[in-house]
2 protein chains.
Amino acid sequence: MREEVQTNPHDLDEETLFVVSQTFKALGDPTRIRILNLLCCKEYSVNDIAEELNLGQSTVSHQLRFLKNLRLVKFRREGTTLYYSSADDHIMNLLHQAIDHAKH
Amino acid sequence: MREEVQTNPHDLDEETLFVVSQTFKALGDPTRIRILNLLCCKEYSVNDIAEELNLGQSTVSHQLRFLKNLRLVKFRREGTTLYYSSADDHIMNLLHQAIDHAKH
DNA sequence: ACGTTATATGATAATATATTCATATATACA
DNA sequence: TGTATATATGAATATATTATCATATAACGT
């Protein structure tokens, strides 16, 4: 028999809550928003992202790992260079809805 | 003449970045998600929210202030009781899209 | 004015997060 | 094998966030 934690019908189950909050947390940081927005239309190497957005290489790499763990980005290797691109159309769509909304 | 900080056409302006990240930050916490999700369909008093979600009164009040500052919720007074309800249909829509997405 | 109830606020402590620096790894090529 | 380049990683620090506790405020009824 398994624990039934969820008792209130108007509340969300823990798993959903975790996934949703993690996803929005990913979108809740300016640096990650800038990276995702950049990756909207084409792939970029780590260094290109750092240059385009004026960020440190390490910062970009750390944030890409974060986004990769959530499967929001993916990459492909070419020699020593890794080309990152967006991986979740649905979440990218949410992001752009919010950006459009923010711009009025 | 004013400072032109934004030089890269693929990057977002600071104002948009701030609004978007703040909004997603609001949705990036389990407690706030539960509150917003509860307020989806009807209004609740602070104490009712606390009871329904098994949270402290102070916690709920603090989070409601956060959400109110972002105009994601509004309230109406009746005697000593404040009834809170959701105030931004667009953002509530984003939230429910993400919840549906998370539930597969 | 006083007590009661509902909510807000301020301070604190615990935890999480983001960036930076230094260094490690991995691939390519001479 | 040695060097160069691209990226990843770990540690440390600074900052932000969250929940809790105690207390304040605000409205109401007596």
Side-chain angles (χ1 to χ4, degrees), chain A residues 11-12 14 17-39 43-85 87, chain B residues 11-12 14 17-39 43-85 87:
Chain A
D11 203 1
L12 298 163
E14 222 179 305
L17 206 52
F18 181 75
V19 173
V20 173
S21 64
Q22 279 298 111
T23 303
F24 280 127
K25 213 166 278 185
L27 303 178
D29 174 75
T31 300
R32 287 192 291 269
I33 292 176
R34 294 172 73 208
I35 293 175
L36 284 174
N37 183 60
L38 185 67
L39 296 183
E43 60 180 15
Y44 284 84
S45 74
V46 176
N47 276 335
D48 285 349
I49 295 171
E51 272 199 24
E52 290 280 331
L53 304 182
N54 230 301
L55 296 167
Q57 177 270 323
S58 183
T59 298
V60 174
S61 185
H62 278 298
Q63 297 294 12
L64 284 172
R65 177 166 59 171
F66 185 110
L67 295 171
K68 185 159 52 72
N69 286 340
L70 289 173
R71 299 174 198 279
L72 298 184
V73 301
K74 59 184 192 293
F75 66 88
R76 125 191 119 76
R77 179 182 286 279
E78 197 168 296
T80 62
T81 302
L82 302 187
Y83 290 98
Y84 279 85
S85 55
Chain B
D11 203 0
L12 298 163
E14 221 179 307
L17 206 52
F18 181 75
V19 173
V20 173
S21 63
Q22 279 299 109
T23 303
F24 281 127
K25 210 166 280 184
L27 303 179
D29 173 74
T31 301
R32 286 190 292 266
I33 292 176
R34 294 174 72 208
I35 293 175
L36 284 174
N37 183 60
L38 185 68
L39 296 183
E43 62 180 12
Y44 283 84
S45 74
V46 177
N47 276 336
D48 286 349
I49 295 171
E51 272 200 24
E52 290 280 330
L53 303 182
N54 229 301
L55 296 167
Q57 176 270 324
S58 182
T59 298
V60 173
S61 185
H62 277 300
Q63 297 295 12
L64 285 172
R65 178 167 58 172
F66 186 111
L67 295 171
K68 184 159 52 74
N69 286 340
L70 289 173
R71 297 174 199 277
L72 298 184
V73 301
K74 60 184 191 297
F75 66 88
R76 130 190 116 75
R77 177 183 288 279
E78 196 168 297
T80 63
T81 302
L82 302 186
Y83 290 99
Y84 279 84
S85 55

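Residue numbers begin at 1 in each chain, while the letters A, B, ... track the order of the sequences. A quick note: this is a predicted structure, and the numbers were derived from the prediction, not measured.
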**OP:** Mind checking A/Gln63 for me? I need base, sugar-phosphate or nothing, with any heavy atom below 4.0 Å counting as a touch.
**Re:** sugar-phosphate
Subject >> Per B/Val46 side chain, nearest of listed nucleotides D/dT7, D/dA8, C/dA8 >> reply: C/dA8
Original post:
Has B/Thr80 got a side-chain N or O lying under 4.0 Å from the OP1 or OP2 atom of D/dA27?
Top reply: no
**OP:** Check the pair B/Ile35 / B/Val73 against side-chain contact (heavy atoms from CB on, under 4.5 Å), numbers first and verdict last.
**Re:** CA-CA 10 Å; B/Ile35 293 175; B/Val73 301; 5.6 Å; no
Original post:
Between C/dT7, D/dA19, D/dC28, which nucleotide gets closest to the side-chain atoms of B/Thr59?
Top reply: D/dA19
**OP:** Respond yes when some side-chain nitrogen or oxygen of A/Asn47 is under 4.0 Å from OP1 or OP2 of D/dT5, and no when none is.
**Re:** no
**OP:** List the atom of A/Ala87, the atom of A/Lys74, and the distance in Å for their closest heavy-atom pair.
**Re:** CB-N, 3.8 Å
Sub-3.5 Å pairs of nitrogen or oxygen atoms, protein against nucleotides 10-17 of chain C:
residue : atom : partner : partner atom : Å
C/dG10  : O6   : B/His62 : NE2          : 2.8

Subject >> A/Leu64 CG to D/dT9 P, straight-line distance once rounded to whole Å >> reply: 11 Å
**OP:** Quick one: label A/Thr81 by what it contacts on the DNA or RNA (base, sugar-phosphate, nothing), any heavy atom closer than 4.0 Å.
**Re:** sugar-phosphate
Subject >> Nearest to side-chain heavy atoms of B/Arg77, which nucleotide of D/dA27, D/dT7, D/dA19 >> reply: D/dA27
Original post:
So does A/Gln57 reach the base of D/dA8 with its side chain, donor to acceptor, closer than 3.5 Å?
Top reply: yes
**OP:** Give a yes or no answer on whether the side chain of B/Arg77 reaches the backbone of B/Gly79 with a donor-acceptor pair at less than 3.5 Å.
**Re:** yes
**OP:** Please work out if A/Phe75 contacts a base, only the sugar-phosphate, or nothing of the nucleic acid, heavy-atom cut-off 4.0 Å.
**Re:** nothing
Original post:
In whole angstroms, how far is the P atom of D/dC28 from the CG atom of B/Leu82?
Top reply: 11 Å
Original post:
Would one find a side-chain N or O of B/Thr31 under 4.0 angstrom from OP1 or OP2 of D/dA19?
Top reply: yes
**OP:** To the nearest 0.5 angstrom, please state how far the CG atom of A/Leu53 sits from the OG1 atom of A/Thr59.
**Re:** 11.0 Å
**OP:** Begin from the C-alpha positions of A/Leu64 and A/Ile49 and carry the test side-chain contact (heavy atoms from CB on, under 4.5 Å) through to its verdict.
**Re:** CA-CA 10 Å; A/Leu64 284 172; A/Ile49 295 171; 4.1 Å; yes
Subject >> A/Asp48 CG to D/dT5 P, straight-line distance once rounded to whole Å >> reply: 16 Å
Original post:
Is the shortest side-chain N/O distance from A/Tyr84 to OP1 or OP2 of D/dA8 below 4.0 Å?
Top reply: yes
Original post:
For the side chain of A/Ser21 and the backbone of A/Leu17, is there at least one donor-acceptor N/O pair under 3.5 Å apart?
Top reply: yes
Original post:
Rounded to whole angstroms, how far apart are CG on A/Asn54 and P on C/dT20?
Top reply: 11 Å
Subject >> B/Tyr44 side chain near C/dT7 phosphate (N/O to OP1/OP2, under 4.0 Å) >> reply: no
Original post:
Should the ring pair B/Phe24 and A/Phe24 be called parallel, tilted or perpendicular, given that the plane angle runs from 0 to 90° and is split at 30 and 60?
Top reply: parallel
Original post:
Does the side-chain contact (heavy atoms from CB on, under 4.5 Å) test come out yes or no for A/Gln63 and A/Leu55, once each step is laid out?
Top reply: CA-CA 11 Å; A/Gln63 297 294 12; A/Leu55 296 167; over 6 Å; no
**OP:** Find which nucleotide of DNA chain C each of A/Gly28 and B/Lys68 is nearest to by heavy atoms, and output the residue with the more 5' nucleotide.
**Re:** B/Lys68
**OP:** Report the distance from atom CD of A/Glu78 to atom P of C/dC29, rounded to the nearest whole Å.
**Re:** 11 Å
Original post:
So what does B/Tyr83 hit on the nucleic acid, given a heavy-atom distance under 4.0 Å: a base, only sugar-phosphate, or nothing?
Top reply: nothing
